[in-house]
Amino acid sequence: MMAKKSAISGIHAVDRMLKEEVFYPAHDARKESSAYAKAHKHLVKELDLPCLICGVRNSTLQDPEHNKVGARAMETHHHVIEWALQNAIDLAKFNERIWPALKNKHTGKYEEPFTQQEMLDFIDHSEDNLWVLCDVHHRHSLVGIHSVTAPIWGAQDLILDSFTYIPLKEVK
């Protein structure tokens, strides 16, 4: 027998445990390349770009009015391709599936398909593969991009201020 579903379910919590088992290819220990450090500094310090989710900037980390989640640092996230996966990325598939979108979005920048080294450089330090996130929205277990599903993470910056999406007391 199927339970009747109400047309209006009201506010409710969904509690689930995400179990993920992923094999990463062999790779060197993550060491910040000078090109990555330069790109990170440009995005975070020079451009002072905001966290994509909460809007805090490096310049406003110390201001509770602008830093409502208690972020302590600004970080950059490899968003198109995670750095640790670079040794498992097929260049032909990259050029077939990723390159056309990059070419369309960044007119004049990616005119030719990538070479293997260009792809590796893109993955490591291209500003087009880096998102600026605060440490909370990057690594926190309840709201960080590395910890929650895409449908939950991706909507965080669109939620009404009057709605408690994820309890801030749990985040801070």
Side-chain angles (χ1 to χ4, degrees), residues 16-61 66-67 69-158 166 171:
R16 66 178 158 239
M17 179 181 289
L18 174 66
K19 181 181 185 306
E20 183 175 63
E21 184 174 342
V22 178
F23 295 105
Y24 283 91
H27 60 80
D28 295 333
R30 177 75 174 132
K31 182 180 176 199
E32 184 177 86
S33 70
S34 60
Y36 172 85
K38 181 180 177 184
H40 175 86
K41 179 181 178 189
H42 182 246
L43 296 170
V44 170
K45 304 262 171 132
E46 295 164 9
L47 295 179
D48 198 27
L49 293 179
C51 171
L52 289 176
I53 298 300
C54 68
V56 69
R57 300 171 184 267
N58 188 62
S59 63
T60 62
L61 279 171
H66 292 98
N67 186 1
V69 298
R72 294 188 176 120
M74 300 304 294
E75 301 177 352
T76 43
H77 171 73
H78 294 92
H79 80 95
V80 177
I81 300 171
E82 181 63 41
W83 178 87
L85 290 172
Q86 69 180 336
N87 293 336
I89 301 301
D90 182 300
L91 177 62
K93 290 177 182 178
F94 178 94
N95 281 327
E96 177 187 329
R97 300 170 189 168
I98 303 298
W99 170 65
L102 291 170
K103 183 180 178 183
N104 287 338
K105 185 175 182 181
H106 306 283
T107 307
K109 188 171 182 181
Y110 300 107
E111 291 303 312
E112 299 295 324
F114 284 59
T115 65
Q116 183 70 24
Q117 188 59 54
E118 288 170 337
M119 181 187 72
L120 294 173
D121 290 344
F122 172 85
I123 292 169
D124 176 64
H125 58 265
S126 172
E127 292 181 12
D128 298 326
N129 188 39
L130 296 173
W131 277 346
V132 174
L133 300 174
C134 70
D135 59 325
V136 172
H137 289 108
H138 192 202
R139 297 179 286 107
H140 190 279
S141 65
L142 294 178
V143 296
I145 195 167
H146 283 282
S147 303
V148 298
T149 61
I152 300 305
W153 188 85
Q156 290 180 85
D157 66 328
L158 303 173
I166 296 172
V171 176

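From a predicted model like this one, the values you see are computed outputs, not experimental measurements.
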Given side-chain contact (heavy atoms from CB on, under 4.5 Å), test F114 with L120 step by step and report yes or no. CA-CA 9 Å; F114 284 59; L120 294 173; over 6 Å; no
Nearest 0.5 Å, please: how far is [atom2] in [Y] from [atom1] in [X]?
X: C51; Y: D157; atom1: SG; atom2: CG; answer: 8.5 Å
X: E20; Y: S147; atom1: CD; atom2: OG; answer: 9.5 Å
X: I81; Y: D124; atom1: CD1; atom2: CG; answer: 12.0 Å
X: M74; Y: H137; atom1: CE; atom2: NE2; answer: 10.5 Å
X: L85; Y: I123; atom1: CG; atom2: CD1; answer: 8.5 Å
X: L43; Y: L49; atom1: CG; atom2: CG; answer: 5.5 Å

Please report the shortest heavy-atom distance between [X] and [Y], naming the atom on each side.
X: P50; Y: R57; value: CD-NH1, 3.4 Å
X: V69; Y: C54; value: CG2-SG, 4.2 Å
X: P100; Y: R97; value: CD-C, 4.0 Å
X: L61; Y: A71; value: CD2-O, 3.7 Å
X: V148; Y: V143; value: CG1-N, 4.1 Å
X: S126; Y: Y110; value: OG-OH, 3.4 Å

Listed by chain and number, what are the side chain to side chain contact (heavy atoms under 4.5 Å, CB included) partners of [X], not counting sequence neighbours?
X: A101; value: none
X: R139; value: E75, D135
X: P113; value: N95, W99
X: K45; value: K41, N58

Applying ring pair (Phe, Tyr, Trp, His ring centres under 6.0 Å), name anything that partners H77, two or more places apart in sequence or on another chain.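 Residues passing ring pair (Phe, Tyr, Trp, His ring centres under 6.0 Å) with H77: H138, H146.
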List for me each residue that meets side chain to side chain donor-acceptor pair (under 3.5 Å) alongside [X], sequence neighbours excluded, and say none if there are none.
X: E127; value: H42
X: Y36; value: T76
X: Q117; value: D121
X: D48; value: S59

Compare all side-chain heavy atoms of T60 with those of N67 and state whether any distance is below 4.5 angstrom.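 SC-SC contact between T60 and N67 ruled out.
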State, with a plain yes or no, whether a side-chain heavy atom of V132 is found less than 4.5 Å away from one of L52.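 Side chain of V132 against side chain of L52, heavy atoms only: no contact under 4.5 Å found.
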Could you tell me which residues satisfy salt bridge (Lys or Arg N to Asp or Glu O under 4.0 Å) with D128, sequence neighbours excluded, listed by chain and number?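 With sequence neighbours excluded, D128 shows a salt bridge (Lys or Arg N to Asp or Glu O under 4.0 Å) to K109, given in chain and number order.
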If the condition is salt bridge (Lys or Arg N to Asp or Glu O under 4.0 Å), which residues does K105 pass it with, not counting sequence neighbours?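 With sequence neighbours excluded, K105 shows a salt bridge (Lys or Arg N to Asp or Glu O under 4.0 Å) to no residue whatsoever.
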Which pairs count as side chain to side chain donor-acceptor pair (under 3.5 Å) when at least one residue sits in residues 78-91, sequence neighbours excluded?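 Matches after skipping sequence neighbours: H79-W131.
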